[in-house]
Amino acid sequence: MSASFDLDYLAQLMRLNIKPEERTGIEEKLGSVMEMIDQVVQADTEGVEPLAHPLEIHTVLRSDIPDEPARSLRDWMQDGGAPETEDGFYTVPKVIP
Amino acid sequence: MQLARSLRQGETTSEALTEAALTRARAAQDDLNAFVTLCPDEALAEARSVDAERAAGAALGPLAGVPMAHKDLFCTEGIRTTCGSRMLDNFIPPYDAHVVERVKAARMPVIGKLNMDEFAMGSSNENSYYGAVHNPWDLRCSPGGSSGGSAAAVAAGIVPGATGTDTGGSIRQPAALCNLLGIKPSYGRVSRYGMVAFASSLDQGGVLTRNAEDAAALLQVIAGHDARDATCINAPVPDYLAELRTPLEGVRIGLPDFGDGHAIAPAYRELLEACIEQLRSLGAETVSVQLPNADLGIAIYYVIAPAEASANLARYDGVHYGHRCENPADLQDLYRRSRSEGFGEEVRRRIMVGAHVLARGFYDAYYLQAQKCRRLVLRDYQSAFTRCDVILTPTVRAPAFRLGEKLTDDPTDLYLEDLYTVGANLAGLPGLSMPVGFVDGLPVGVQLIGRALEEGRILSLAHRYQQHTDWHLRTPPGFSGDGA
């Protein structure tokens with residue numbers, strides 16, 4: 001079942017580029033991982049509830065106390081925390097053509 | 001603890017200890033590559049301040065002044081935190097992780113940040129952007145991973161203890177391969193606040209030290225509730241050092257009967273048997289237990305961990321922080337090139353596996369099914385713990401392997417390193433690895449798994465064992481640092 005993965009689709013979902021010269025190697029290695037995880041598909045889990053979390057704890061609430069960071073996020077961004085900023089805002093390439 | 005006693009008795013100073021640790025770290029760096037960043041200024045300033053307070057008669061915590069180091073995945077305010085990745089090569093966090101805050105409050109000088117597999121994905125420390133770490137017991141070998149820098153630094157006597165994290169075995173496997181005690185606490189025992197996320201339902205911070213007493217003392221520092229991690233357990237932390245003195249009489253040790261897929265070499269088997277015999281002679285009883293779904297562990301892990309990683313690593317977009325590509329043509333190009341340049345091969349592979357198992361049409365067959373299998377694993381442990389108090393297994397399949405040896409066309413060769421350890425992560429249980437001897441001159445370990453929140457019990461077993469054996473006292477030739 002897992003043998004049928006679509007590398008380009010997965011790369012697109014994960015926002016990755018696949019270099020042509022790497023393609024075969026990546027496909028082979030991904031294929032062996034997919035083959036290995038196929039064991040779970042075969043397992044008998046009739047009537048078993050999924051377990052998302054080892055503790056099965058419930059949502060907890062905490063007091064809404066604002067953090068007082070040593071300096072503001074904006075200062076941190078402008079001091080090199082963010083790769084590119086302008087006037088305290090993140091910059092991205094033009095989105096609307 | 002030995003260093004802490006020397007400090008209290010005035011035989012040495014924190015500055016001298018910290019300076020010596022930094023000197024050893026620098027001297028060993030070419031051989032081991034254990035550190036990504038050293039923090040001499042911060043560490044020495046803290047050491048001097050602790051010395052001054054001690055001289056003035058201030059009340060200080062038990063580990064105050066003892067140098068240590070953090071795995072480079074705990075955020076440190078103002079100090080670069082790379083997670084072993086090019087993606088975070090320039091990342092200077094604006095805040096401290098909870099674990100880092102706790103270590104600061106304990107007044108332990110932090111000499112640096114330790115190398116690791118990128119985003120903690122790996123079992124050999126060969127997936128680091130900063131190069132592989134070498135095993136002090138044999139520089140041609142891997143120290144294990146992903147907490148490979150932590151293991152190498154403690155084994156080489158650079159520092160007496162270090163933090164690590166364990167998602168599938170990343171504390172226990174390197175501890176075993178470097179003759180250390182490494183403990184992964186119960187899920188939720190240590191806050192994940194400020195710990196760079198890999199697989200959030202499995203990740204847990206812990207410690208690597210030479211012996212159980214040091215592990216108990218350091219775990220005491222980092223364990224406990226923190227409201228900023230909603231999965232952190234709000235339960236009192238016992239006095240782990242006091243629990244070390246619990247007698248072994250009547251403790252029931254469960255010995256799982258694994259299938260052929262779990263075979264270990266006869267020489268390792270003999271060490272395991274000798275360890276069991278020693279524990280029996282100290283009053284423990286042994287019973288056989290079944291973990292029928294143990295063979296599924298690796299496959300379950302490699303569905304759930306990549307699925308969670310694919311979501312966690314979506315935050316690295318070239319915009320907010322971390323690596324950004326040059327001259328992006330448009331937003332998609334910015335995302336794709338920043339991520340393709342910033343992530344190494346193993347990380348890219350794992351997040352694509354994650355995308356696959358979560359994709360429409362595959363979600364039920366893989367992700368949901370893996371979660372059902374995860375419950376089967378949890379039930380196995382619950383059932384085993386009705387018959388025993390602690391489960392004992394090998395930690396690894398074999399001693400340290402040569403660097404490069406497992407970088408084959410089949411990544412699953414290396415994934416099997418976690419065969420014995422993933423179960424505790426899937427079930428959220430505490431597990432430790434302790435030294436039990438050598439196979440062909442290289443150390444191996446035994447794993448003890450306890451019930452949830454029973455870290456004290458597995459540490460006390462290890463402590464009792466270490467009081468009657470000397471495996472943990474052996475240090476690698478050429479690295480005779482006195483950081484113990």
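Reckoned from all heavy atoms, side chains included, excluding hydrogens, waters and symmetry mates. Naming convention: chains lettered A, B, ... in sequence-line order (proteins, then strands); numbering from 1 in each chain.
For B:N293, no part lies under 4.5 angstrom from a heavy atom of chain A. In this structure, chain A has a heavy atom under 4.5 Å from the side chain of B:E345, while its backbone stays farther away. For A:L16, the parts sitting under 4.5 Å from any heavy atom of chain B are the backbone and the side chain alike. A:V95 touches chain B through its side chain: at least one heavy atom from C-beta onward sits under 4.5 Å away, while N, CA, C and O do not. Within the 4.5 angstrom heavy-atom criterion, atoms from both the backbone and the side chain of A:Q12 approach chain B. Residue contact with chain A, scored on non-hydrogen atoms closer than 4.5 Å, involves the side chain of B:T412 exclusively. With a 4.5 Å cut-off on non-hydrogen atoms, B:Y335 touches chain A through its backbone and its side chain both. Neither the backbone nor the side chain of B:V377 has a heavy atom closer than 4.5 Å to any heavy atom of chain A. Looking at B:A227, both its backbone and its side chain come within 4.5 Å of chain A, counting heavy atoms on both sides. B:L426 touches chain A through its backbone: at least one of N, CA, C or O sits under 4.5 Å from a heavy atom, while the side chain does not. For B:R337, the parts sitting under 4.5 Å from any heavy atom of chain A are the backbone and the side chain alike. Within the 4.5 angstrom heavy-atom criterion, no atom of B:S338 approaches chain A. Both the backbone and the side chain of A:R15 have a heavy atom closer than 4.5 Å to some heavy atom of chain B. Proximity to chain A (any heavy atom under 4.5 Å) is shown, for B:I300, by both the backbone and the side chain.
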Check against ring-ring contact (aromatic ring centres under 6.0 Å, His included), B:Y301 and B:Y415: CA-CA 10 Å; B:Y301 176 81; B:Y415 294 176; 8.4 Å; no
Residue pair B:Y95, B:V100: steps toward the side-chain contact (heavy atoms from CB on, under 4.5 Å) verdict: CA-CA 10 Å; B:Y95 66 95; B:V100 172; over 6 Å; no
Evaluation steps, side-chain contact (heavy atoms from CB on, under 4.5 Å), between B:Q204 and B:R189: CA-CA 8 Å; B:Q204 185 60 202; B:R189 183 79 280 188; 4.2 Å; yes
Steps toward side-chain contact (heavy atoms from CB on, under 4.5 Å) verdict (B:V353, A:M36): CA-CA 11 Å; B:V353 170; A:M36 189 266 288; over 6 Å; no
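Neither side chain, B:S191 nor B:R228, offers a donor N or O lying under 3.5 Å from an acceptor on the other. Side-chain atoms of B:T82 and B:D89 include no donor-acceptor pair closer than 3.5 Å.
Atom CD of B:E326 has 12 or fewer neighbouring heavy atoms from other residues, nucleotides or ligands inside a 6.0 Å radius.
Using a 30° and 60° split on the angle between ring planes, B:Y321 and B:F91 fall in the tilted class, from 30° to 60°. The aromatic rings of A:F5 and B:H356 stand perpendicular to each other, their planes meeting at an angle above 60°, with 30° marking the opposite boundary.
Put simply, of A:A11, A:A43, A:P83, the one with the most heavy-atom pairs under 4.5 Å next to chain B is A:P83. Interface check for chain B: of the options A:M77, A:E49, A:Q39, A:K94, the most heavy-atom pairs under 4.5 Å are formed by A:E49. The most heavy-atom pairs under 4.5 Å with chain A, out of B:D317, B:D409, B:T408, come from B:D409. Between chain B and the options A:A52, A:S63, A:G25, the largest number of non-hydrogen pairs under 4.5 Å is found for A:A52.
By the 6.0 Å and 45° rule, B:R324 does not stack over the aromatic ring of B:Y316.
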